[in-house]
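What follows is a single structure, written as C-alpha cells, with notes after it.
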Amino acid sequence: MTVDANKETLGFQAEVKQLLHLMIHSLYSNKEIFLRELISNASDAADKLRFLSLSNADIMEGDGELKIRIEYDEDKKTVSITDNGIGMNREDVINHLGTIAKSGTSDFLKNLTGDQRKDSQLIGQFGVGFYSAFVVADKVEVFTRKAGESAENGVHWTSEGEGEFTVEQVDRSQRGTTIVLHLREGEEEFADGWKLRSIVSKYSDHISLPIEMVKNEPPAVSEESEEESKEDSKADKAPEFEVVNKATALWTRSRNEISDDEYKEFYKHISHDFEDPISWTHNRVEGKQEYTSLLYIPKRAPFDLYQREASRGLKLYVQRVFIMDDAEQFMPMYLRFMKGILDSNDLPLNVSREILQSNKTVESIKGALTKRSLDMIKKLEPEEYKEFWKQFGQVLKEGPAEDYANKEKIAGLFRFASTNSGTSEQVVSLDDYLERMKEGQDKIYYISAENYNAAANSPHLEIFRKKGVEVLLMYDRIDEWMMGYLFDYKGKSFINIAKGDLDLGAIETEEDKKQQEEVEKSSEDLVKRLKEVLEAKVSEVKVSHRLTDSPACLVVGAYDMGAQMRQIMEAAGQKMPDSKPTMEINPTHPLMERLNGEVQEDRFEELAQIVFDQAALSEGRSLDDPAAYVKRINKLLMETIG
Ligand code: ADP
C-alpha cells in the first residue's frame, strides 16, 4: 500500500511551530474547541465541493450526500472526524497543514508577550483552526483524497506537533478527509460518545451538514457478561449511525427559534473568531430583491485589520448553496471588520468575483447592508460602544472619504476627546457637542495635533476656555485627513481653530471687538519690529484673538496642511513645500510687554527668536535649529543666575 519513496518528512514553517507551541499552552482551559474547529473545516470542505459540482456534476462521484462523521475508540484513545468534502492532494496537504498563508502572521507572532492569559486572547483573534487538534492529541493523522482524483492519489499526513510532519501517498477510495486524533495522556475523556455529542450540540448544532455518530446502544439487559455482549454486538451488526445536530442552515430558520448561543456559535464558525460577537442582526428581505443576511460586529479587531491583503467580506450563498468566502463587494472598506453571511435568491449560481464587481443587485444589497450595519453600530449599549470605538473607531473614520452618501450617519458614530471631558478618552459624540453649544455658536470647533497632550495644552484653546466653548481634541493619525472630507454635521460647519483667521462669530461680544481694536492699534510698532526680525520664519505677525495666557502662537493658512498632516507626510519621505505660518501675539502678556520695551535691537531679536521657537514647540512642531534655541535659553538662564 505504501511506497516508501513517497514518504517525505518535512519541517513546519517557523510560524507554525510558534503557533503550535502557543496554542497548546494557552488553550488548556478551552480544549474542547478543537472539535468545533475540525467540524468547521469539514463543513467548509463540503461547501467547496458542492460549489464545484455546480459546474461539474461528475466531481460528486455519485455520492452527493455530504456529511460529517465522528467516531471514537475508547481503547485506542482516538477520535476521528471524517468528511466527504473536497479533500486535499499532496500539494494541498503540504501547503495547508505545514504553513500558515495569512499575511501578517509573523507580525502577529511578534506581539505575543509570553503571558499565557494575554496570549490566549490574541490567539483567539488570530483564529486557531486545524492546529488546535494538538491541544488534545499528541499525534494527529490525516487521510485524505481530493475529489476528482483517483484512489491511489490518497495522502497520509502525520505529525506529533513538534517540529515536523510526514506525508506519503496511500490508497484511499473514499473521497474527502479523515482526521484521527491520538489523544494525549489525560485527555481520554474525549473518546466518549456523550462527551462528544454534548460538544457537538454546544458548538456545531448550526452546521447545515448532518453530523453523524454511532447510535447510542441501550444499556445491556441480558444475563450475559459484559465482555460477551460487546463481542456479540460487534460481530452481529454493522454500527448504525444517527444525526446528532440540527443540520439546517441557521439563517434559514426563523429568528425567534434561534437562541443567542446558537447565533454566537454560528459566528465563531464563519469568522474563525474565538470570542463572542458584540451584536448581530438577522434579516430576511422580500420584494424586488430577495435575500437573507446575518451580520455580526466582532468584539475585537482581528490582528490583520490594517493589512491591505487581509481577507474581509461576507460568506456568500445563493439559494442556500455556498458560493464563496470573503465576498468583499457587499461591504464598504470602512466596515471591513463586519462578519456575516448573505444568502441571495437573485444572483445566478455561477456568479463569479468578476460578476460581483459590476452588478446592480450587488450594489443595492451593499447599500442596504451598509445602512443596516451603521444602524446596528448605533444601537450598541454605551459600555459596548466604548469598547467598539477603541477597536474599530479608526477604521470607521475612513468612512466619510469612502461613503459620501452616508457621511452624516457615519459622523454621528464618531467619538472624540474634548475640552469638556478632560481626558484623552474618546467619548464625546458630535450630538453631545451640538447639545452643549453656546448660545449663538454656529460652528463645531476642533484642533488636531500629534498627540492628546499637544492638543489639550495648545495655546489655541485659550480663548475657548475663557469663553467656555467646547473644542474637540483630535489626535489620531487619521483625523486631519478625515476632516478633509467632513465639512459639516447637521448644518454646522467644522472649524480647525489652529488654521486661518479665527472667526468667533457670535461668541465674540462687541466689547471684545472694541478692546481688540485698541490693542491692535497700540501694538502696531511691536508687530512691525517682530516681522522684521522673524521675516525668514513667518509670513505675517498679527495680534491674536485667541490667546489669553500664552505670549504667542503659530497659525497656518486656512488651506495649508496642518502640523499633524505635515509631519506624517515628512515622515513618509515626502518633501513638503515651505509654507510659513503666521505668528499671532498676545501683546498684553508680560513677556510681550517686556519685549516691546526692549530698545537694544540685538537683544530684541534674540527674545523674538525664543518666542517664535516656543510657539512652535507648544504646538508639537520640531525646531529647525534646536541647538540655537538651547543656546539662547541658556544664555538667559546664566544671566538670571549670575
Ligand atoms: P483555516 O480554516 O482558518 O484556513 P486551518 O488551519 O483550520 O485554517 O486549515 C488550513 C487549511 O487546510 C484550510 O483552509 C483548508 O484549505 C485545509 N483543510 C483543513 N481541513 C480540511 C478538510 N477537512 N478538508 C479539506 N481541506 C481542509
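Both ligands and their constituent atoms are indexed starting at 1 by order of listing.
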Assign the ring pair [X] / [Y] to parallel, tilted or perpendicular, where the plane angle (0 to 90°) is split at 30° and 60°.
| X | Y | value |
| --- | --- | --- |
| Phe130 | Phe134 | perpendicular |
| Phe51 | Phe322 | perpendicular |
| Phe266 | Trp251 | tilted |

Verify [atom]: protein non-hydrogen atom under 4.0 angstrom away:
| atom | answer |
| --- | --- |
| atom 13 (C) of ligand 1 | no |
| atom 26 (N) of ligand 1 | yes |
| atom 4 (O) of ligand 1 | no |

Validation row, ring centre Trp157 to ring centre Phe143 under 6.0 Å = no
Ring-ring centroid check Phe34 Tyr131, cutoff 6.0 Å = no
Would you say ligand 1 has an N or O under 3.5 Å from any N or O of Phe130?
-> yes
Contact atoms of ligand 1, heavy-atom distance to Gly129 under 4.0 Å | 7 (O)
Atom 20 (N) of ligand 1 has as its nearest protein heavy atom Asn41 CB, 3.4 Å
Atom 23 (N) of ligand 1: closest protein heavy atom, distance to 0.1 Å, is Asp83 OD2, 2.9 Å
Filtering His96, Glu37, Lys48 for the heavy atom nearest atom 11 (C) of ligand 1 leaves His96
Give a yes/no verdict on a cation-pi contact between Arg415 and Tyr385, requiring under 6.0 Å between NZ or CZ and the six-membered ring centre and an angle within 45° of the axis.
-> yes
